[in-house]
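Quick caveat: nothing in here was measured; it's all calculated off a predicted structure.
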Amino acid sequence: MTMTVAMVMLCMMMVHANVKPQKDFNLQKFAGKWYRVGVAYDSPSFVPFRSKIKASMGTIAPLPNGNANLTMWEATPFGCVSKKYQYERASVPGQFTYFSARHNMVKDITVVETNYTDYAMVLKHKVFNREYTQAALYGETRSQIVRPEVVQKFKTFALSRGLPRESIVIPPPAENCPPSGPGH
């Protein structure tokens, strides 16, 4: 039984291992404000909620040790919610891990492709009662819209990772999240 579990875990790690980060990834160039304008997730519980998702905004702040802090703002039914994450660099530039308090586990993050100015494709991976993968498209155009050819590239990437077509969402912009104006 233990050998079977070990083999399954090894196979899962090998599937994820073929994900390569952006060549010559540069965290300093990657820093700044990004909008999550696309998402695909292989969790069956995701599809029913896809119509409720809005584009979210985050800021990446690099740390001197190669780690990074991420602050995300997401529109929820309860208002605009801010969450903070600490990304720890892995041995390969462009790969990070972070602890998810929600799932009480460490997750892997890989910046798969970016041009540092317009878009980034990021893959999140976790093993929780089964393997889960999430792909995200980020736009840094200071608006919540990316070029159609970038959206198509993201959809092709998500499908190539085995994510179901119905799980790919290009959400509408969130209004006033994060809040704008004095004091925000």
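Side-chain contact between Lys155 and Ile170 is present, with at least one heavy-atom pair separated by less than 4.5 Å. Contact check for Arg36 versus Leu137: no side-chain heavy atoms found under the 4.5 Å cut-off. Inter-residue side-chain proximity for Gln22 and Met121 is flagged as unmet; no heavy-atom pair is nearer than 4.5 Å. Within the 4.5 Å cutoff, side-chain heavy atoms of Ser82 are placed close to those of Thr71. Annotation: side chain of Ile109 is in contact with side chain of Val122 (closest heavy-atom distance under 4.5 Å). Here the side chains of Tyr35 and Val146 are not in contact, with every heavy-atom distance at 4.5 Å or above. Contact annotation: the side chain of Asn69 approaches that of Leu63 to within less than 4.5 Å [non-hydrogen atoms, C-beta and beyond]. Looking only at side-chain heavy atoms (C-beta outward), Pro21 and Pro93 stay at 4.5 Å or farther from each other.
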Self-check item: Derivation of the side chain to side chain contact (heavy atoms under 4.5 Å, CB included) call for Lys83 and Leu70
Solution: CA-CA 8 Å; Lys83 296 180 183 176; Leu70 169 67; over 6 Å; no
Exercise. Please test Asp108 against Lys124 for salt bridge (charged side-chain N to carboxylate O under 4.0 Å, His left out), starting from the C-alpha separation and ending with a verdict.
Key: CA-CA 6 Å; Asp108 298 318; Lys124 185 189 309 184; over 6 Å; no
Quiz item: Could you walk me through whether Tyr119 and Glu113 pass the side chain to side chain contact (heavy atoms under 4.5 Å, CB included) check?
Solution: CA-CA 8 Å; Tyr119 76 94; Glu113 182 178 328; 2.5 Å; yes
Quiz item: Between Leu163 and Phe157, does a side chain to side chain contact (heavy atoms under 4.5 Å, CB included) hold up when you go through it step by step?
Solution: CA-CA 9 Å; Leu163 296 163; Phe157 170 71; over 6 Å; no
Exercise. Take Ile53 and Val39 through the test side chain to side chain contact (heavy atoms under 4.5 Å, CB included) and record every step on the way to the result.
Key: CA-CA 9 Å; Ile53 294 175; Val39 65; 4.3 Å; yes
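The shortest heavy-atom contact between Val169 and Pro171 is O-CD, 3.4 Å. Of all the heavy atoms in Ile168 and Ala40, the pair that sits closest is CG1-CB, 3.8 Å. Nearest heavy-atom pair across Pro173 and Ala55 is CA-CB, 4.0 Å. Residues Thr59 and Met57 come closest through the heavy atom pair CG2-CE, 4.2 Å. What you find for Leu27 and Gly66 is that their closest heavy atoms are CD2-O, 3.4 Å. Pairing each heavy atom of Pro164 with each of Leu159, the nearest pair is C-CD2, 4.4 Å.
Ring planes of Trp34 and Tyr138: perpendicular class, angle over 60° (limits at 30 and 60°).
Interatomic distance, Phe96 CZ to Glu88 CD, rounded to the nearest 0.5 Å: 11.0 Å. Gln134 CD to Tyr41 OH: the interatomic distance, rounded to the nearest 0.5 Å, is 6.5 Å. We find the CG-CD distance between Leu123 and Gln95 to be 10.0 Å, quoted to the nearest 0.5 Å. Between atom CH2 of residue Trp73 and atom SG of residue Cys177 there is a gap of 9.0 Å, rounded to the nearest 0.5 Å. Residue Phe30 holds its CZ atom at 8.0 Å from OH of Tyr116, rounded to the nearest 0.5 Å. Separation of atoms CE (Met105) and NZ (Lys107) is listed at 7.5 Å; rounding is to 0.5 Å.
Ion pairing between Glu166 and Arg50 fails under the 4.0 Å rule for side-chain N and carboxylate O. Salt-bridge formation is not detected for the pair Lys54/Glu74: no Lys NZ or Arg NE/NH1/NH2 atom is positioned less than 4.0 Å from an Asp or Glu carboxylate oxygen.
In this structure, Glu175 places its CD atom where only 12 or fewer heavy-atom neighbours from other residues, nucleotides or ligands lie under 6.0 Å away. Heavy atoms of other residues, nucleotides or ligands lying less than 6.0 angstrom from CZ of Phe49 number 12 at most.
In terms of modelled atom types and a separation under 3.5 Å, the side chain of Arg89 and the main chain of Asn65 share a donor-acceptor contact.
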